[in-house]
Amino acid sequence: MICDNIGVNEKGHLTFAGYDTVELAEKYGTPLYLMDENKIREHIREYKAAFEKYFPQGSNPEFASKALSCKQIYRILKEEKMNIDVVSCGEIYTAKSVDFPLSYCFFHGNNKTDSDIEFAMDNGVGYFVADSEDELLAINQIAKEKGITQKILLRVTPGIDTHTHQKISTGNVDSKFGIAITTGQAKNTVEMILKLPNISLCGFHCHIGSQIFESEPFATASELMLTFIAEIERDLGYKCEILNLGGGFGVKYLEQHPEIDYTQKIEEISKILNIQCSFLGIDIPKIAMEPGRSIVADAGMTLYSIGSVKEITGYKNYVSIDGGMTDNPRYTLYESPYTVMLASRANTPKDFCATIAGRCCESGDILQENVMIPKPVRNEILAVLTTGAYNYSMASNYNRVPRPPIVMLGDKGDYIAVKRETFTDVCALDV
Ligand SMILES: *Cc1c(COP(=O)(O)O)cnc(C)c1O
(Lines give C-alpha, C1' and ligand atoms only; values in the text may rest on other atoms or scores of the structure.)
Protein backbone atom coordinates (compact mmCIF):
# COMPACT_ATOMS: atom_id res chain seq x y z
CA MET A 1 0.00 0.00 0.00
CA ILE A 2 1.25 3.48 -0.78
CA CYS A 3 0.60 4.77 2.73
CA ASP A 4 0.41 3.07 6.14
CA ASN A 5 -3.14 4.36 6.75
CA ILE A 6 -4.54 2.14 3.97
CA GLY A 7 -5.47 -1.52 4.35
CA VAL A 8 -7.95 -4.25 3.50
CA ASN A 9 -10.23 -5.89 6.08
CA GLU A 10 -11.65 -9.41 6.40
CA LYS A 11 -14.61 -8.48 4.15
CA GLY A 12 -12.16 -7.51 1.41
CA HIS A 13 -13.13 -3.85 1.85
CA LEU A 14 -10.55 -1.10 1.58
CA THR A 15 -9.84 0.52 4.94
CA PHE A 16 -8.61 4.05 5.60
CA ALA A 17 -7.27 5.16 8.99
CA GLY A 18 -8.72 1.87 10.29
CA TYR A 19 -12.25 2.59 9.01
CA ASP A 20 -14.18 0.44 6.51
CA THR A 21 -14.56 2.71 3.46
CA VAL A 22 -17.61 0.86 2.10
CA GLU A 23 -19.42 1.44 5.40
CA LEU A 24 -18.44 5.13 5.33
CA ALA A 25 -19.79 5.42 1.78
CA GLU A 26 -23.10 3.90 2.94
CA LYS A 27 -23.27 6.18 5.97
CA TYR A 28 -22.41 9.49 4.27
CA GLY A 29 -23.16 8.85 0.59
CA THR A 30 -20.84 9.47 -2.37
CA PRO A 31 -18.85 11.26 -3.62
CA LEU A 32 -17.12 11.60 -0.29
CA TYR A 33 -13.84 13.14 0.81
CA LEU A 34 -12.24 11.38 3.77
CA MET A 35 -9.46 12.90 5.87
CA ASP A 36 -7.29 11.01 8.36
CA GLU A 37 -6.86 13.46 11.22
CA ASN A 38 -4.00 11.58 12.87
CA LYS A 39 -2.01 11.54 9.64
CA ILE A 40 -2.31 15.34 9.37
CA ARG A 41 -1.10 15.70 12.96
CA GLU A 42 1.74 13.21 12.36
CA HIS A 43 3.07 15.25 9.41
CA ILE A 44 2.78 18.55 11.30
CA ARG A 45 4.69 17.11 14.27
CA GLU A 46 7.39 15.72 11.99
CA TYR A 47 7.97 19.11 10.35
CA LYS A 48 7.97 20.95 13.65
CA ALA A 49 10.41 18.51 15.26
CA ALA A 50 12.76 18.61 12.27
CA PHE A 51 12.74 22.42 12.22
CA GLU A 52 13.53 22.51 15.92
CA LYS A 53 16.37 20.07 15.49
CA TYR A 54 18.04 21.35 12.34
CA PHE A 55 17.28 25.04 11.85
CA PRO A 56 18.23 28.11 13.93
CA GLN A 57 15.96 29.18 16.77
CA GLY A 58 12.93 31.11 15.55
CA SER A 59 12.61 29.01 12.37
CA ASN A 60 9.09 27.78 11.59
CA PRO A 61 7.22 25.61 9.13
CA GLU A 62 3.82 26.90 8.02
CA PHE A 63 0.99 24.99 6.40
CA ALA A 64 0.21 26.29 2.90
CA SER A 65 -3.51 27.01 3.17
CA LYS A 66 -4.17 26.64 -0.52
CA ALA A 67 -3.72 22.86 -0.27
CA LEU A 68 -6.78 22.61 2.00
CA SER A 69 -8.65 25.49 3.56
CA CYS A 70 -11.64 24.94 5.85
CA LYS A 71 -12.40 25.77 9.47
CA GLN A 72 -11.58 22.34 10.85
CA ILE A 73 -8.09 22.20 9.35
CA TYR A 74 -7.34 25.55 10.99
CA ARG A 75 -8.63 24.22 14.33
CA ILE A 76 -6.31 21.22 14.04
CA LEU A 77 -3.36 23.44 13.04
CA LYS A 78 -4.10 25.75 15.96
CA GLU A 79 -4.10 22.83 18.40
CA GLU A 80 -0.77 21.70 16.97
CA LYS A 81 0.62 25.27 17.15
CA MET A 82 1.43 25.15 13.44
CA ASN A 83 1.52 28.46 11.54
CA ILE A 84 0.00 29.04 8.12
CA ASP A 85 0.39 30.99 4.95
CA VAL A 86 -2.55 32.37 2.98
CA VAL A 87 -3.06 33.50 -0.61
CA SER A 88 -6.41 35.23 -0.39
CA CYS A 89 -8.80 37.12 1.85
CA GLY A 90 -11.11 34.12 1.75
CA GLU A 91 -8.41 32.04 3.44
CA ILE A 92 -7.74 34.85 5.95
CA TYR A 93 -11.45 35.05 6.70
CA THR A 94 -11.76 31.27 7.18
CA ALA A 95 -8.74 31.12 9.53
CA LYS A 96 -9.92 34.17 11.44
CA SER A 97 -13.39 32.69 11.90
CA VAL A 98 -11.92 30.06 14.24
CA ASP A 99 -9.64 32.63 15.93
CA PHE A 100 -6.51 31.35 14.25
CA PRO A 101 -3.59 33.58 15.28
CA LEU A 102 -2.27 35.47 12.25
CA SER A 103 0.72 37.32 13.68
CA TYR A 104 3.11 34.81 12.08
CA CYS A 105 1.10 34.33 8.91
CA PHE A 106 2.54 34.98 5.43
CA PHE A 107 0.26 36.54 2.83
CA HIS A 108 1.10 35.52 -0.74
CA GLY A 109 -0.20 36.34 -4.18
CA ASN A 110 1.05 37.96 -7.34
CA ASN A 111 -1.81 40.45 -7.43
CA LYS A 112 -3.06 41.62 -4.08
CA THR A 113 -5.64 44.33 -4.65
CA ASP A 114 -5.83 47.46 -2.51
CA SER A 115 -8.82 46.00 -0.69
CA ASP A 116 -6.92 42.71 -0.11
CA ILE A 117 -4.06 44.71 1.39
CA GLU A 118 -6.41 46.63 3.68
CA PHE A 119 -8.30 43.50 4.71
CA ALA A 120 -5.07 41.67 5.60
CA MET A 121 -3.75 44.64 7.58
CA ASP A 122 -7.05 45.07 9.43
CA ASN A 123 -6.95 41.39 10.36
CA GLY A 124 -3.40 41.58 11.66
CA VAL A 125 -1.70 39.33 9.11
CA GLY A 126 1.95 39.26 10.21
CA TYR A 127 3.88 39.32 6.96
CA PHE A 128 3.08 40.25 3.39
CA VAL A 129 5.12 38.39 0.80
CA ALA A 130 5.45 41.27 -1.65
CA ASP A 131 5.54 40.22 -5.26
CA SER A 132 6.10 43.39 -7.33
CA GLU A 133 7.14 47.05 -7.11
CA ASP A 134 3.55 48.21 -7.71
CA GLU A 135 2.43 46.16 -4.77
CA LEU A 136 5.21 47.49 -2.54
CA LEU A 137 4.15 51.07 -3.24
CA ALA A 138 0.52 50.18 -2.51
CA ILE A 139 1.44 48.42 0.76
CA ASN A 140 3.54 51.40 1.82
CA GLN A 141 0.75 53.86 1.00
CA ILE A 142 -2.00 51.90 2.75
CA ALA A 143 0.22 51.24 5.80
CA LYS A 144 0.92 54.98 5.94
CA GLU A 145 -2.81 55.79 5.89
CA LYS A 146 -3.33 53.33 8.74
CA GLY A 147 -0.35 54.68 10.65
CA ILE A 148 1.45 51.34 10.78
CA THR A 149 4.65 49.76 9.55
CA GLN A 150 3.96 46.56 7.63
CA LYS A 151 6.43 43.68 7.85
CA ILE A 152 7.16 42.04 4.53
CA LEU A 153 9.30 39.47 2.79
CA LEU A 154 10.24 40.06 -0.82
CA ARG A 155 9.45 37.20 -3.17
CA VAL A 156 12.29 36.61 -5.60
CA THR A 157 12.87 34.05 -8.33
CA PRO A 158 16.20 32.32 -7.94
CA GLY A 159 16.18 31.28 -11.61
CA ILE A 160 16.14 27.52 -11.51
CA ASP A 161 14.14 24.94 -13.36
CA THR A 162 12.64 22.10 -11.38
CA HIS A 163 11.82 18.74 -12.90
CA THR A 164 8.13 19.04 -12.30
CA HIS A 165 5.07 19.88 -14.34
CA GLN A 166 5.39 23.29 -16.02
CA LYS A 167 2.17 24.55 -14.44
CA ILE A 168 3.49 23.86 -10.94
CA SER A 169 7.03 25.12 -11.56
CA THR A 170 7.52 28.64 -10.21
CA GLY A 171 11.21 29.27 -9.58
CA ASN A 172 12.35 30.18 -13.10
CA VAL A 173 12.99 33.76 -14.22
CA ASP A 174 10.06 33.76 -16.63
CA SER A 175 7.31 33.48 -14.02
CA LYS A 176 4.34 35.55 -13.01
CA PHE A 177 5.59 35.23 -9.43
CA GLY A 178 8.38 37.18 -7.78
CA ILE A 179 11.22 39.39 -8.94
CA ALA A 180 14.23 37.99 -10.73
CA ILE A 181 17.64 37.92 -9.07
CA THR A 182 19.64 37.24 -12.23
CA THR A 183 18.42 40.35 -14.06
CA GLY A 184 19.47 42.61 -11.17
CA GLN A 185 15.86 43.66 -10.59
CA ALA A 186 15.57 42.03 -7.16
CA LYS A 187 18.52 44.04 -5.85
CA ASN A 188 17.08 47.29 -7.24
CA THR A 189 13.79 46.51 -5.56
CA VAL A 190 15.52 45.99 -2.20
CA GLU A 191 17.12 49.44 -2.57
CA MET A 192 13.67 50.86 -3.22
CA ILE A 193 12.11 49.05 -0.23
CA LEU A 194 14.76 50.33 2.15
CA LYS A 195 13.59 53.87 1.36
CA LEU A 196 9.90 53.14 2.01
CA PRO A 197 9.12 54.38 5.55
CA ASN A 198 6.02 52.26 6.23
CA ILE A 199 7.52 48.95 5.17
CA SER A 200 9.87 46.84 7.24
CA LEU A 201 11.77 44.30 5.16
CA CYS A 202 12.20 41.09 7.18
CA GLY A 203 13.73 38.84 4.56
CA PHE A 204 13.24 36.97 1.33
CA HIS A 205 10.98 34.29 -0.06
CA CYS A 206 11.19 31.85 -2.93
CA HIS A 207 9.02 28.93 -3.96
CA ILE A 208 10.48 26.81 -6.70
CA GLY A 209 7.57 24.52 -7.50
CA SER A 210 5.60 21.58 -6.25
CA GLN A 211 5.73 17.78 -6.19
CA ILE A 212 9.56 17.81 -6.09
CA PHE A 213 11.21 14.59 -4.95
CA GLU A 214 14.92 15.39 -5.08
CA SER A 215 16.84 17.53 -2.58
CA GLU A 216 18.96 19.07 -5.30
CA PRO A 217 16.53 21.83 -6.44
CA PHE A 218 16.13 22.95 -2.81
CA ALA A 219 19.89 22.86 -2.32
CA THR A 220 20.42 24.94 -5.46
CA ALA A 221 17.68 27.39 -4.47
CA SER A 222 19.17 27.76 -0.98
CA GLU A 223 22.63 28.43 -2.41
CA LEU A 224 21.33 31.04 -4.85
CA MET A 225 19.22 32.72 -2.17
CA LEU A 226 22.12 32.88 0.29
CA THR A 227 24.45 34.26 -2.36
CA PHE A 228 21.86 36.97 -3.02
CA ILE A 229 21.43 37.62 0.72
CA ALA A 230 25.21 37.98 1.15
CA GLU A 231 25.40 40.37 -1.80
CA ILE A 232 22.58 42.51 -0.38
CA GLU A 233 24.27 42.57 3.02
CA ARG A 234 27.61 43.55 1.50
CA ASP A 235 26.34 46.17 -0.95
CA LEU A 236 23.29 47.60 0.80
CA GLY A 237 24.06 46.90 4.45
CA TYR A 238 20.76 45.04 4.86
CA LYS A 239 20.87 41.91 7.02
CA CYS A 240 18.26 39.28 6.19
CA GLU A 241 16.36 37.93 9.20
CA ILE A 242 14.05 35.32 7.61
CA LEU A 243 14.64 33.13 4.57
CA ASN A 244 11.41 31.48 3.45
CA LEU A 245 12.08 28.58 1.09
CA GLY A 246 8.42 27.96 0.16
CA GLY A 247 6.79 24.58 -0.19
CA GLY A 248 7.12 21.85 -2.74
CA PHE A 249 8.10 18.50 -1.25
CA GLY A 250 6.68 15.64 -3.28
CA VAL A 251 4.16 13.08 -2.17
CA LYS A 252 3.83 9.42 -3.06
CA TYR A 253 0.78 9.13 -5.33
CA LEU A 254 1.82 5.87 -6.99
CA GLU A 255 3.54 2.71 -5.81
CA GLN A 256 6.55 3.51 -8.01
CA HIS A 257 7.05 6.97 -6.49
CA PRO A 258 9.85 7.16 -3.94
CA GLU A 259 9.15 7.28 -0.22
CA ILE A 260 10.16 10.71 1.04
CA ASP A 261 11.74 11.20 4.44
CA TYR A 262 10.97 14.87 5.17
CA THR A 263 13.16 14.97 8.27
CA GLN A 264 16.09 13.78 6.22
CA LYS A 265 15.38 16.40 3.51
CA ILE A 266 15.34 19.13 6.14
CA GLU A 267 18.61 17.85 7.57
CA GLU A 268 20.15 17.96 4.08
CA ILE A 269 18.96 21.54 3.55
CA SER A 270 20.35 22.55 6.94
CA LYS A 271 23.77 21.17 5.99
CA ILE A 272 23.79 23.23 2.79
CA LEU A 273 22.77 26.33 4.77
CA ASN A 274 25.61 25.81 7.26
CA ILE A 275 28.23 25.27 4.60
CA GLN A 276 27.08 28.10 2.37
CA CYS A 277 26.66 30.64 5.18
CA SER A 278 30.10 29.99 6.61
CA PHE A 279 31.56 30.15 3.09
CA LEU A 280 29.83 33.51 2.49
CA GLY A 281 30.59 34.79 5.99
CA ILE A 282 26.97 35.51 6.92
CA ASP A 283 24.79 34.35 9.81
CA ILE A 284 22.22 31.65 9.02
CA PRO A 285 18.84 33.38 8.76
CA LYS A 286 15.74 31.99 10.45
CA ILE A 287 14.22 29.49 8.04
CA ALA A 288 10.58 29.26 7.09
CA MET A 289 9.07 26.65 4.77
CA GLU A 290 5.50 26.21 3.56
CA PRO A 291 4.59 22.57 3.04
CA GLY A 292 1.03 22.10 1.78
CA ARG A 293 0.75 18.87 -0.18
CA SER A 294 3.07 16.90 2.08
CA ILE A 295 0.93 17.70 5.16
CA VAL A 296 -2.50 16.73 3.82
CA ALA A 297 -2.26 14.75 0.55
CA ASP A 298 -1.91 11.23 1.93
CA ALA A 299 -4.32 12.11 4.75
CA GLY A 300 -7.07 12.19 2.12
CA MET A 301 -9.04 9.74 0.03
CA THR A 302 -12.13 10.17 -2.18
CA LEU A 303 -14.89 7.59 -2.52
CA TYR A 304 -17.23 7.38 -5.51
CA SER A 305 -20.06 5.13 -6.61
CA ILE A 306 -19.61 3.45 -9.94
CA GLY A 307 -22.24 4.08 -12.58
CA SER A 308 -21.94 2.84 -16.12
CA VAL A 309 -19.16 0.57 -17.37
CA LYS A 310 -18.69 1.05 -21.09
CA GLU A 311 -16.32 -1.19 -23.08
CA ILE A 312 -15.46 0.24 -26.49
CA THR A 313 -14.12 -2.72 -28.47
CA GLY A 314 -10.57 -2.04 -29.62
CA TYR A 315 -10.35 1.21 -27.63
CA LYS A 316 -10.92 1.92 -23.99
CA ASN A 317 -13.11 0.83 -21.11
CA TYR A 318 -14.84 3.81 -19.52
CA VAL A 319 -15.87 3.43 -15.90
CA SER A 320 -18.07 6.38 -14.94
CA ILE A 321 -18.32 7.67 -11.38
CA ASP A 322 -20.62 10.10 -9.59
CA GLY A 323 -17.93 12.81 -9.25
CA GLY A 324 -14.96 13.91 -11.37
CA MET A 325 -13.37 17.21 -12.33
CA THR A 326 -15.75 19.09 -10.03
CA ASP A 327 -14.22 17.48 -6.94
CA ASN A 328 -10.78 16.69 -8.41
CA PRO A 329 -9.72 18.77 -11.44
CA ARG A 330 -6.05 17.77 -11.17
CA TYR A 331 -5.95 15.16 -13.92
CA THR A 332 -7.72 17.55 -16.28
CA LEU A 333 -5.28 20.33 -15.31
CA TYR A 334 -1.95 18.53 -15.04
CA GLU A 335 -2.51 14.86 -15.83
CA SER A 336 -1.74 14.15 -12.19
CA PRO A 337 -1.28 10.48 -11.41
CA TYR A 338 -3.40 8.79 -8.75
CA THR A 339 -3.78 5.28 -7.41
CA VAL A 340 -7.29 3.97 -7.97
CA MET A 341 -8.76 0.99 -6.11
CA LEU A 342 -12.06 -0.86 -6.10
CA ALA A 343 -12.92 -0.32 -2.43
CA SER A 344 -15.71 -2.93 -2.44
CA ARG A 345 -13.37 -5.75 -3.53
CA ALA A 346 -9.86 -4.67 -2.67
CA ASN A 347 -8.46 -8.22 -2.81
CA THR A 348 -9.97 -9.23 -6.17
CA PRO A 349 -7.36 -9.60 -8.97
CA LYS A 350 -6.96 -6.44 -11.05
CA ASP A 351 -7.68 -7.72 -14.54
CA PHE A 352 -9.62 -4.83 -16.09
CA CYS A 353 -8.04 -1.79 -17.72
CA ALA A 354 -10.26 1.16 -16.84
CA THR A 355 -10.41 4.83 -17.72
CA ILE A 356 -12.19 6.57 -14.86
CA ALA A 357 -14.59 9.17 -16.24
CA GLY A 358 -16.33 11.92 -14.31
CA ARG A 359 -19.98 12.86 -14.72
CA CYS A 360 -19.55 16.28 -16.33
CA CYS A 361 -20.47 17.09 -19.93
CA GLU A 362 -16.84 17.48 -20.87
CA SER A 363 -14.68 14.89 -22.63
CA GLY A 364 -11.70 16.06 -20.58
CA ASP A 365 -13.47 15.16 -17.37
CA ILE A 366 -11.29 12.14 -16.66
CA LEU A 367 -9.78 11.19 -13.32
CA GLN A 368 -7.29 8.63 -14.54
CA GLU A 369 -6.61 6.75 -17.77
CA ASN A 370 -5.89 3.06 -18.21
CA VAL A 371 -5.58 1.92 -14.62
CA MET A 372 -5.93 -1.71 -13.58
CA ILE A 373 -8.83 -2.62 -11.28
CA PRO A 374 -11.13 -5.65 -10.95
CA LYS A 375 -13.97 -5.36 -13.45
CA PRO A 376 -16.51 -3.29 -11.49
CA VAL A 377 -20.29 -3.45 -11.45
CA ARG A 378 -22.75 -0.61 -11.00
CA ASN A 379 -22.98 0.79 -7.44
CA GLU A 380 -19.68 -0.62 -6.25
CA ILE A 381 -17.40 1.85 -4.45
CA LEU A 382 -14.27 3.22 -6.12
CA ALA A 383 -11.52 4.90 -4.11
CA VAL A 384 -9.04 7.45 -5.42
CA LEU A 385 -6.14 7.65 -2.98
CA THR A 386 -4.01 10.58 -1.79
CA THR A 387 -6.60 13.27 -2.51
CA GLY A 388 -6.16 15.39 0.62
CA ALA A 389 -4.33 18.24 -1.13
CA TYR A 390 -5.69 20.44 -3.92
CA ASN A 391 -8.92 18.49 -4.31
CA TYR A 392 -11.53 20.07 -2.02
CA SER A 393 -9.68 23.39 -2.33
CA MET A 394 -9.93 23.26 -6.13
CA ALA A 395 -13.47 21.92 -6.33
CA SER A 396 -16.16 23.70 -8.32
CA ASN A 397 -19.88 23.62 -9.06
CA TYR A 398 -19.45 23.11 -12.79
CA ASN A 399 -22.65 21.61 -14.23
CA ARG A 400 -24.24 22.69 -10.92
CA VAL A 401 -22.80 19.62 -9.24
CA PRO A 402 -22.87 20.08 -5.44
CA ARG A 403 -19.51 19.64 -3.70
CA PRO A 404 -18.95 16.51 -1.56
CA PRO A 405 -18.58 16.72 2.22
CA ILE A 406 -15.33 16.21 4.11
CA VAL A 407 -15.55 13.52 6.76
CA MET A 408 -12.71 13.42 9.26
CA LEU A 409 -11.57 10.13 10.73
CA GLY A 410 -10.11 10.57 14.18
CA ASP A 411 -9.55 8.78 17.45
CA LYS A 412 -12.96 9.80 18.70
CA GLY A 413 -14.79 8.57 15.62
CA ASP A 414 -15.81 9.85 12.22
CA TYR A 415 -17.33 13.31 11.96
CA ILE A 416 -18.37 15.83 9.33
CA ALA A 417 -15.89 18.70 8.93
CA VAL A 418 -17.54 20.21 5.84
CA LYS A 419 -21.18 19.43 5.02
CA ARG A 420 -22.35 18.11 1.67
CA GLU A 421 -23.60 20.93 -0.52
CA THR A 422 -27.28 20.86 -1.34
CA PHE A 423 -29.07 22.17 -4.42
CA THR A 424 -30.29 25.01 -2.22
CA ASP A 425 -26.65 25.88 -1.46
CA VAL A 426 -25.81 25.76 -5.15
CA CYS A 427 -28.63 28.24 -5.87
CA ALA A 428 -28.08 30.29 -2.70
CA LEU A 429 -26.71 33.36 -4.46
CA ASP A 430 -29.00 33.31 -7.48
CA VAL A 431 -31.33 36.28 -7.44
C1 LIG B 1 1.73 26.23 -3.57
C2 LIG B 1 2.62 26.94 -2.64
C3 LIG B 1 3.10 26.30 -1.48
C4 LIG B 1 2.78 24.86 -1.15
O5 LIG B 1 3.35 23.97 -2.04
P6 LIG B 1 3.25 22.39 -1.80
O7 LIG B 1 3.84 21.81 -3.02
O8 LIG B 1 1.82 22.06 -1.63
O9 LIG B 1 4.05 22.07 -0.58
C10 LIG B 1 3.88 27.02 -0.61
N11 LIG B 1 4.21 28.31 -0.87
C12 LIG B 1 3.77 28.96 -1.96
C13 LIG B 1 4.14 30.36 -2.16
C14 LIG B 1 2.97 28.31 -2.88
O15 LIG B 1 2.55 28.95 -3.97
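Atoms within each ligand, like the ligands themselves, are counted from 1 in listed order. Remember, predicted model here, so these are calculated numbers, not experimental data.
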K.L.:
Can Tyr390 be said to touch ligand 1, with heavy atoms closer than 4.0 Å?
P.N.:
yes
K.L.:
Indicate yes or no: does Glu267 engage Lys53 in a salt bridge with an N to O separation below 4.0 Å.
P.N.:
no
K.L.:
Which class fits the ring pair His257 and Phe213: parallel under 30°, tilted 30 to 60°, perpendicular over 60°?
P.N.:
tilted
K.L.:
Give the numbers and elements of all ligand 1 atoms closer than 4.0 Å to a heavy atom of Ala64.
P.N.:
3 (C), 4 (C), 10 (C)
K.L.:
For Glu91, is there an ion pair with Lys66 - N to carboxylate O distance below 4.0 angstrom?
P.N.:
no
K.L.:
Give the contacting part of Asp85 toward ligand 1: side chain, backbone, both or neither, where contact means a heavy-atom distance below 4.0 Å.
P.N.:
side chain
K.L.:
Consider ligand 1: state whether an atom of it lies below 4.0 angstrom from any non-hydrogen atom of Ser294.
P.N.:
no
K.L.:
Do Asp327 and Arg403 sit within salt-bridge range, that is, some charged N less than 4.0 Å from a carboxylate O?
P.N.:
no
K.L.:
Is there a donor-acceptor contact under 3.5 Å linking the side chains of Ser65 and Tyr74?
P.N.:
yes
K.L.:
Out of all atoms in ligand 1, which are within 4.0 Å of some heavy atom of His205? Include the element for each.
P.N.:
13 (C)
K.L.:
Under 3.5 Å between any N/O of His108 and any N/O of ligand 1: does that happen in this structure?
P.N.:
no
K.L.:
Would you check the N or O atoms of Ser210, main chain and side chain alike, for any that come under 3.5 Å of an N or O of ligand 1?
P.N.:
yes
K.L.:
Is it the side chain (CB and beyond), the backbone, both or neither of Ala67 that lies under 4.0 Å from ligand 1, heavy atoms counted?
P.N.:
neither
K.L.:
Within ligand 1, which atoms have a heavy atom of Pro291 less than 4.0 Å away?
P.N.:
9 (O)
K.L.:
So does Lys239 pair up with Asp283, basic N to acidic O under 4.0 Å?
P.N.:
yes
K.L.:
Have a look at ligand 1 and work out which part of Arg155, if any, has a heavy atom under 4.0 Å from it: side chain, backbone, both or neither.
P.N.:
side chain
K.L.:
Which ligand 1 atoms are under 4.0 Å away from a heavy-atom of Gly247?
P.N.:
5 (O), 9 (O), 10 (C), 11 (N)
K.L.:
Side chains of Asn244 and His207: do they bring a donor and an acceptor to under 3.5 Å?
P.N.:
no
K.L.:
Identify whether NZ of Lys or CZ of Arg in Lys112 sits under 6.0 Å from the centre of the six-membered ring of Phe107 and within 45° of that ring's axis.
P.N.:
yes
K.L.:
Below 4.0 angstrom from a heavy atom of Arg293, which ligand 1 atoms are there? Numbered from 1 as shown, please.
P.N.:
6 (P), 8 (O), 9 (O)
K.L.:
We want to know whether Tyr415 and Gln72 form a side-chain donor-acceptor pair, criterion being a heavy-atom distance below 3.5 angstrom.
P.N.:
yes
K.L.:
Could you list the atoms of ligand 1 found under 4.0 angstrom from a heavy atom of Glu290?
P.N.:
3 (C), 4 (C), 9 (O), 10 (C), 11 (N), 12 (C), 13 (C)
